[in-house]
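The structure displayed is predicted, hence computed values, not measured ones. Proteins get letters first, then strands, A, B, ... in listed order; numbering begins at 1 in each.
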Amino acid sequence: AFLLTKFVILYMKCGKMLDARQVFDAMPKRNVVSWTMMIAGYAQHGQCEKALALFCQMQQVGVQPNRFTFPSVLRACAALVSLERGKQVHGHIIRSGFESDMVLGNSLVDMYVKCGSLECAQQVSDEMPERDVVSMTLMIEGYAKCGSLKIARQMFEEMPERNVITWTAMIVGHSQHGPGEEALKLFNQMKRVGVKPDQFTFASVARACACLVAVKEGKQIHAQVIRSGFHSYVVLGTALVDMYAKCGRIENARQVFDVMSARDVVSWNAMIAGYGKHGRGKEALQLFEQMLQAGVSPSYVSLISVLSACSHAGLVEEGWNYFNCMGREYNITAEAEHYACMVDLLGRAGRLDEAQDLIQKMPLKPS
RNA sequence: AAUUAGGGCUACAGCC
């Protein structure tokens, strides 16, 4: 059983969940550790319904979850944004008497934050016998993300220790809700006190520069990214592409895009949207076609960017074509945003009758 | 042998 457990872990580490599950199912005996690691694997790979199903199953066969099991279960609830199931699990934890475990407490706080219930999160946090940097960072993130920057700031300043995650959470909060300059200040401050930014931090700061249209600062960030050796991260590369694009430096954006070692659909979208915003519709559409050729499946955001590019460049026929074929060709259902782009496109082109017609045919209510 | 926190793309309009 010990060896089989090792195998399951190995499979899960390389993302082979099906193989892991096969070994798990074939195990002659499963104890609480085997169940817990399988649930953890599903939760870590975003297969949350499976994680919760397994959690039910383990109880049905009479295996009692322990303090290692619940955090993964809560993580699944959080990812599903299911406050209802999260609360059920919380009740279960109280009945099981694991309330005083810190990791478990942190998981509860995280679940409530992610499900949007800051009051419950705060209550759990207050009732914890002791808190660590994770507990504090979770609450700061919760407050910062909903715009309660004052509270977040106060907790941040009262903390005995702050790590790179704490700083990044503050930066994200301020770039979303605050004066964006504050995000850059925090970034400089963190470096001054000797906390090393990582790829998460840099991506957040790049985004802050994009929102502020701060090319100068953005370029400095870019240089630091290269010096720090983080340039190969897809998310970070994309954030830089977007930063340059939003600052109107399309050629710089394209340079970063071209040297990226890997690109996902978000990277393509950022570049396409960049062209679109600056009226370079043809290039946007060209890039979209290249993306398809590269075998990347478009997302609903891709189509928003494409339609919006058509709208900015007055490409009415092209817009209609993409709009009409997106369901069949790319399996993407037209949502309110896509309709809005089309209405905008037709409106700008002076084809108000067609726009009217489209609004009337919309399957959803206009906003 | 198993458990917890942070990052990128998303139309149009509005305020001044």
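- The nucleotide whose nearest atom lies closest to any side-chain atom of A:T5 is, among B:rG8, B:rA11, B:rA1, B:rA1.
- For A:R207 and B:rG8, the shortest distance from a side-chain N or O to OP1 or OP2 is below 4.0 Å.
- Counting non-hydrogen atoms under 4.0 angstrom, A:S107 reaches the backbone sugars and phosphates but no base.
- Within the 4.0 angstrom heavy-atom criterion, only backbone atoms of the sugar-phosphate kind lie near A:A40; the bases stay farther away.
- By the 4.5 Å heavy-atom criterion applied to side chains, A:V164 and A:P197 are not counted as neighbours.
- For B:rC12, the OP1/OP2 oxygens have a side-chain nitrogen or oxygen of A:H312 closer than 4.0 Å.
- Contact annotation: side chain of A:D344 to base of B:rC12, donor-acceptor pair absent below 3.5 Å.
- Within the 4.0 angstrom heavy-atom criterion, base atoms lie near A:R67.
- Taking the six-membered ring for Trp, A:Y339 and A:F323 have ring centres closer than 6.0 Å.
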field: From CA spacing to verdict: side chain to side chain contact (heavy atoms under 4.5 Å, CB included), A:W167, A:V193
entry: CA-CA 11 Å; A:W167 282 97; A:V193 301; 3.8 Å; yes

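- The side chain of A:K114 lies closest to B:rG6, out of B:rG6, B:rC12, B:rG7.
- Heavy atoms of A:D198 sit under 4.0 angstrom from at least one base atom.
- Of the candidates B:rU10, B:rA11, B:rA2, B:rA2 carries the atom nearest the A:V33 side chain, counting heavy atoms from C-beta on.
- Across all strands, A:A270 comes closer than 4.0 Å only to sugar-phosphate atoms, never to a base (heavy-atom distances).
- Atom CZ in A:R162 sits about 20 Å away from atom P in B:rG6, given to the nearest Å.
- Atom CZ in A:F202 sits about 16 Å away from atom P in B:rG8, given to the nearest Å.
- Considering only side-chain atoms of A:F68, the nucleotide from B:rA2, B:rG8, B:rG6 that sits closest is B:rA2.
- Between B:rG6, B:rA2, B:rA11, one nucleotide has an atom nearer to the side chain of A:K145 than all others, and that is B:rG6.
- Two different hydrophobic clusters hold A:V235 and A:I226 under the rule that ILVMFWY side chains link at heavy-atom gaps under 4.5 Å.
- A:I304 has its CD1 atom 11 Å from the P atom of B:rC12, to the nearest Å.
- For the pair A:Q44 and B:rU4, the criterion of a side-chain N or O lying under 4.0 Å from OP1 or OP2 is met.
- Residue A:T137 forms a side chain to side chain contact (heavy atoms under 4.5 Å, CB included) with just one option from A:M159, A:M155, A:R162, and that option is A:M159.
- Note on A:R348: only backbone sugar-phosphate atoms sit closer than 4.0 angstrom, heavy atoms only; bases stay farther off.
- Closest to the side chain of A:V172, from the set B:rA5, B:rA11, B:rG6, is B:rG6.
- At a threshold of 4.0 angstrom between heavy atoms, the contacts of A:S267 include nucleobase atoms, whether or not backbone atoms are also involved.
- Looking at heavy-atom distances under 4.0 Å, A:T201 makes contact with a base.
- When distances are taken from the side chain of A:T168 to each of B:rA5, B:rG6, B:rG8, the shortest belongs to B:rG6.
- Proximity note for A:T137 (side chain, C-beta onward) versus B:rA5, B:rG8, B:rA11: the nearest is B:rA5.
- Candidate nucleotides B:rA1, B:rG7, B:rA5 were compared by shortest atom distance to the side chain of A:N31, and B:rA1 ranks first.
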query: A:S232 and A:S261: side chain to side chain donor-acceptor pair (under 3.5 Å), yes or no, with the steps?
result: CA-CA 6 Å; A:S232 57; A:S261 47; 5.2 Å; no

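- If you take CG of A:L138 and P of B:rU4, they are 12 Å apart, rounded to a whole angstrom.
- In this structure, A:Y275 places its OH atom 16 Å from P of B:rU10, rounding to the nearest Å.
- Contacts of A:I9 with the nucleic acid, taken as non-hydrogen atoms under 4.0 Å apart, involve only primed sugar atoms and P, OP1 or OP2.
- When the C1' atom of B:rC9 is taken as reference, atom CZ of A:R263 falls 15 Å away, rounded to whole Å.
- Distance A:L307 CG to B:rC9 C1': 15 Å, rounded to the nearest Å.
- Under 4.0 angstrom from either OP1 or OP2 of B:rU10 there lies at least one side-chain N or O belonging to A:K246.
- For A:V103, whose side chain is taken as the heavy atoms from C-beta onward, the closest listed nucleotide among B:rG6, B:rU3, B:rG7 is B:rU3.
- Atoms CE (A:M342) and P (B:rA11) sit 17 Å apart, rounded to a whole Å.
- Nearest heavy-atom pair across A:A284 and A:I272 is CB-O, 3.7 Å.
- Using a 4.0 Å heavy-atom criterion, one finds that A:V241 contacts no nucleic acid atom at all.
- There is no side-chain donor-acceptor pair under 3.5 Å between A:K361 and A:Q356.
- Counting non-hydrogen atoms under 4.0 angstrom, A:Y300 reaches a base of the nucleic acid.
- Nucleic acid contact class of A:V205 (heavy atoms, under 4.0 Å, all strands): none.
- For B:rG8, its base sits under 3.5 Å from the side chain of A:D264 at one donor and acceptor pair at least.
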